[in-house]
**Q** 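Right, I'll just put the structure down here and ask away after.
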Amino acid sequence: QVQLAESGGGLVQAGGSVRLSCAASGLPHSSYAMAWFRQAPGKERDFVGTIGWSEGDLYYADSVRGRFTITRENAKDTVYLQMNSLKSEDTAIYYCAAGRYMSILNDAYDYWGQGTQVTVPS
């Protein structure tokens with residue numbers, strides 16, 4: 001059974017930083033692309049960034065590029081989202097996802113975590 005478990009969310013002041021983790025288990029094979037999405041209240045789930053098996057394969061949404069960084073530790077089956085210079089508009093539930101290839105589309109990902117809330121007060 002595949003499980004993706006996010007952790008590390010919480011209340012963060014504007015301008016601050018937080019790191020989210022996503023621990024994966026049970027994936028059919030190890031070379032999955034991983035991604036982060038987020039969903040703000042009343043909005044659709046939006047792409048944040050994705051990382052391929054190689055850490056050099058990265059792509060970010062324009063809204064977070066330069067502020068957020070995705071890394072992965074394949075030996076631990078864990079992917080991270082380092083979020084810096086946080087803004088109130090970054091408030092959302094953050095989800096990690098695993099798929100066979102990198103994509104900005106929700107439907108490209110086979111497995112999803114339950115999400116972790118990040119709140120940045122305005």
**Q** In the structure I gave you, are the side-chain heavy atoms of Val18 and Leu86 within less than 4.5 Å of one another anywhere?
**A** yes

**Q** Would Arg72 and Tyr80 count as a cation-pi pair here, with the cationic atom under 6.0 angstrom from the ring centre and within 45° of the axis?
**A** no

**Q** State yes or no: do Tyr95 and Tyr59 share one hydrophobic cluster built from I, L, V, M, F, W and Y residues joined by side-chain heavy-atom distances below 4.5 Å, directly or via other members?
**A** yes

**Q** Quick one: closest heavy-atom pair of Ala98 and Leu27, and the distance?
**A** CB-CD2, 4.0 Å

**Q** Identify the two heavy atoms, one from Leu11 and one from Pro121, that lie closest to each other, and give their separation to 0.1 Å.
**A** CD1-CG, 3.4 Å

**Q** Walk me through it: do Leu81 and Arg19 pass the test side-chain contact (heavy atoms from CB on, under 4.5 Å)?
**A** CA-CA 6 Å; Leu81 177 65; Arg19 188 178 79 158; over 6 Å; no

**Q** Roughly how far, to the nearest 0.5 Å, is CD of Glu6 from SG of Cys22?
**A** 5.0 Å

**Q** Is the backbone N or O of Tyr94 less than 3.5 Å from a side-chain atom of Gln39, with the two atoms forming a donor-acceptor pair by type?
**A** no

**Q** Using the rule that Ile, Leu, Val, Met, Phe, Trp and Tyr join whenever any side-chain heavy atoms are under 4.5 Å apart, tell me whether Met34 and Leu58 fall into a single cluster.
**A** yes

**Q** Quick check: does any side chain N or O of Tyr109 sit under 3.5 Å from a backbone N or O of Ser103, one acting as donor and the other as acceptor?
**A** yes

**Q** Just wondering, are more than 12 heavy atoms of other shown residues or ligands nearer than 6.0 Å to CZ in Arg100?
**A** no

**Q** How close do Lys87 and Val120 get, counting heavy atoms only, and between which atoms?
**A** O-CB, 3.3 Å

**Q** Sequence neighbours excluded, which residues qualify as side-chain contact (heavy atoms from CB on, under 4.5 Å) partners of Val64?
**A** Arg38, Val48, Tyr60, Ala61, Arg67, Phe68

**Q** If you apply the rule side-chain contact (heavy atoms from CB on, under 4.5 Å), what do you find for Asp57 with Ile51, and how did you get there?
**A** CA-CA 6 Å; Asp57 295 330; Ile51 184 168; 5.8 Å; no

**Q** Could you state the interatomic distance from CD1 (Ile93) to NZ (Lys43), rounded to the nearest 0.5 Å?
**A** 14.0 Å

**Q** Step by step, work out the side-chain contact (heavy atoms from CB on, under 4.5 Å) result for Thr50 and Ile70.
**A** CA-CA 7 Å; Thr50 183; Ile70 299 175; 5.6 Å; no

**Q** Looking at Gly99 and Tyr32, what are the two nearest heavy atoms and their distance?
**A** O-CD2, 3.0 Å

**Q** Locate the shortest heavy-atom distance separating Ser17 from Gln82; write the atom from each residue and the value.
**A** CB-NE2, 3.9 Å

**Q** Measure the spacing between CG of Asp77 and OG of Ser25 and express it to the nearest 0.5 Å.
**A** 8.0 Å

**Q** Got Val2 and Pro28 here, is their nearest side-chain heavy-atom distance under 4.5 Å?
**A** yes

**Q** Identify the heavy atoms of Val79 and Thr71 that sit nearest to each other, and give their distance.
**A** CG2-O, 3.1 Å

**Q** Walk me through whether Glu89 and Thr91 qualify under side-chain hydrogen bond (donor to acceptor under 3.5 Å, both in side chains).
**A** CA-CA 5 Å; Glu89 50 262 46; Thr91 294; over 6 Å; no

**Q** Using side-chain contact (heavy atoms from CB on, under 4.5 Å), reason through Trp36 and Phe47 one step at a time and then give a plain yes or no.
**A** CA-CA 7 Å; Trp36 289 94; Phe47 170 77; over 6 Å; no

**Q** Between Asp62 and Arg65, is a salt bridge (Lys or Arg N to Asp or Glu O under 4.0 Å) present by the stated rule, with each step listed?
**A** CA-CA 5 Å; Asp62 289 344; Arg65 188 174 292 115; 2.5 Å; yes

**Q** Can you tell me how far apart CZ (Phe37) and CG (Leu105) are? Round to the nearest 0.5 Å.
**A** 7.5 Å

**Q** Kindly compute the distance separating SG (Cys96) from CG (Leu20), expressed to the nearest 0.5 Å.
**A** 9.5 Å

**Q** Given 3.5 Å as the limit, does a donor-acceptor pair link the side chain of Asn106 with the main chain of Arg45, or not?
**A** yes

**Q** Is atom CD of Gln114 surrounded by more than 12 heavy atoms (other residues, nucleotides or ligands) closer than 6.0 Å?
**A** no

**Q** Any luck finding a side-chain donor-acceptor pair between Thr119 and Gln117 under 3.5 Å?
**A** yes

